[in-house]
Amino acid sequence: MRISKSLSRKSHLLGTKIRNLRKRNNLTMEDLSARCIRVSAQLAPSVSYLSMIERGKRVPSYDMLEVIANVFQKEVDWFLDDVPEEQSITPDKGNRGGISGMALEPSFLFSNEILQIAIPEMLSQTGVSGRQFAHLLIRAHQEHHQNHFPDLERAAEEVGLKRMPLSVEDLFDIAKNLGLHIKWFDSMPKSAKDELGVSSRSVVTSFYDPPSSINLNTLLKKFPTRLKYDLAVHIGHSVLHNRDGLKSVLVTGNTVDQSSSALFDATPQSSTVNAQDILHAWRDFESSFFAGALLCPKVPFRQLLDRHGYEVSVHEQLGVSASVAMRRMTAVSPYAHWHYFDAYAPGKLKAVYRGNGIPLPWGNMRLVEDPCQHWAVFRMINVPTTGTSAQISILNVEDKPRIYCCESTSVKDLADNNHVLCTGIDLNPAIEAQGGDANQMAEDLKKACAENEGQSAIPASIKNKLSSVSRILNINWIERGIAADARLICSRGAHCPRVPSCYASSKECS
């Protein structure tokens, strides 16, 4: 079959449909062209030809339209009818994801003057340090902006020139060109307790000594991925903060404790909020984000992820850690609704990002007594697993179930502590973007799991729809999650949706 001449009369609507699909999936024309090339290099439209198609200036051949339809998991006939899209599935510009806030009413109680008095009192009563509160503020800022910080991306690109991968030697050269000097020191891991009382081992990996010295632990010579990250962070500190005299200390395993202060002049955490806490925490975040953008520049890294279906293993090609690659996924993906966790036993979330508003079983400031052990990231801590592990989860958000998919992997830090990295997405927006009823699918999946002690094989009808979404998003591990049982998870034991409840007795979730 080939497109008839009558299609010329419909070419404007056809182009509009392609443009709406592309924008709904947050793809640039370059992204769509690249996706089409992987379906068929011979038939794929170029960026300029796509532009003309969308503007109704060109009519694609039937074969080319088949390629575009394959990317978006649509039937070719859907593009050829003269029926406009339903209003219910047009892009919602107001739905940017992120964490919803609270109404600050009555407003006079939330004035700057009152908050300046109340916040230190609240922190004092809850035992939250000023540094912890600063990190919470920054996390909220990060989630509000969905991990997009163009100024930091540009700063990293100016230094690294969008090269990928960067070797250790490349980073040493960058440091040298910036007038930075490299020094080495010896320090072995030591036992310590963090602010939650969790025992583990910690080691200072590096520190920046103003105005121009990067001090590296000799242990890093055996761990080039961590060496590259530390170098990138300190390069970022130098570039972004003008070598202004603040020390930057990087530690793996725990924060710097009192026993380190003699050698590294670390300042104990303050129990109150002060400008220095906020400044240190913000600059740590900026330098860390810069490091990820330097090692995994946005456009080439996004193209690499797209070619490999967002597999975590791409980090091996770049010589960076899985943590760097997984955190960068949340920043460069055209899909906005991501989350990322870094969890240490017995259940501490040391790093959290949730641009999709996912509730947490606890935060990264405290532990609770009733954590849900069915979260993939915590199951992997308790039952060590090799490789990666994908999971489809159903979690109530504001009394409505949502469908999540995540990929988790177990790793060790330089201090030899086991921890689990987890990156995932909220599938509901992707389902709705394709015209599906995400709420009903989540309810059906929740019911299937509830009737089978909390987990269930995914019904064929739902599996087909999720598989289609997986191919549109081009994320391979969604398919692996679909192949396994879906699991009900909860944010607190009192809200356990399983029958019988995991918390009906004092026993923990199995």
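Of the charged side-chain nitrogens involved, none lies within less than 4.0 Å of a carboxylate oxygen, so that Glu443 and Lys400 do not count as a salt-bridged pair. A salt bridge does not link Arg22 to Glu30: none of the charged side-chain nitrogens sits closer than 4.0 Å to a carboxylate oxygen. Looking at Glu157 and Lys298, no side-chain N of the basic residue comes within less than 4.0 Å of a carboxylate O on the acidic one, giving no salt bridge.
In this structure, Arg24 fails the cation-pi test against Phe72, since its NZ or CZ atom is not both closer than 6.0 Å to the six-membered ring centre and inside 45 degrees of the ring normal. By the 6.0 Å and 45° rule, Lys17 does not stack over the aromatic ring of Phe79.
The main-chain N or O of Thr423 is never found under 3.5 Å from a side-chain atom of Glu407 such that the two would form a donor-acceptor pair.
Just one of Tyr353, Phe149, Phe290 meets the ring pair (Phe, Tyr, Trp, His ring centres under 6.0 Å) condition when paired with Phe285; it is Phe149.
Inspection of the Asn464 and Ser467 side chains reveals no N or O donor paired with an N or O acceptor under 3.5 Å. Side-chain N/O atoms of Glu66 and Asn70 include no donor and acceptor closer than 3.5 Å. In the model, Arg226 has a side-chain atom that pairs as donor or acceptor with a side-chain atom of Thr205 under 3.5 Å. Looking only at atom types and distance, the side chain of Tyr229 has no donor-acceptor partner in the side chain of Ser323 under 3.5 Å away.
Taken to the nearest 0.5 Å, the CG atom of Asn147 stands 11.0 Å off from the OG atom of Ser333.
Residues forming a side-chain contact (heavy atoms from CB on, under 4.5 Å) with Asn474 (at least two apart in sequence, or on another chain): Arg35, Arg38, Asp306.
Residue-environment remark: CD (Glu453) stays at or below the threshold of 12 foreign heavy atoms within 6.0 Å.
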_Using ring-ring contact (aromatic ring centres under 6.0 Å, His included), reason through His337 and Tyr335 one step at a time and then give a plain yes or no._
CA-CA 6 Å; His337 308 277; Tyr335 191 65; 5.2 Å; yes
*Take Gln391 and Ser393 through the test side chain to side chain donor-acceptor pair (under 3.5 Å) and record every step on the way to the result.*
CA-CA 6 Å; Gln391 178 174 313; Ser393 305; 2.9 Å; yes
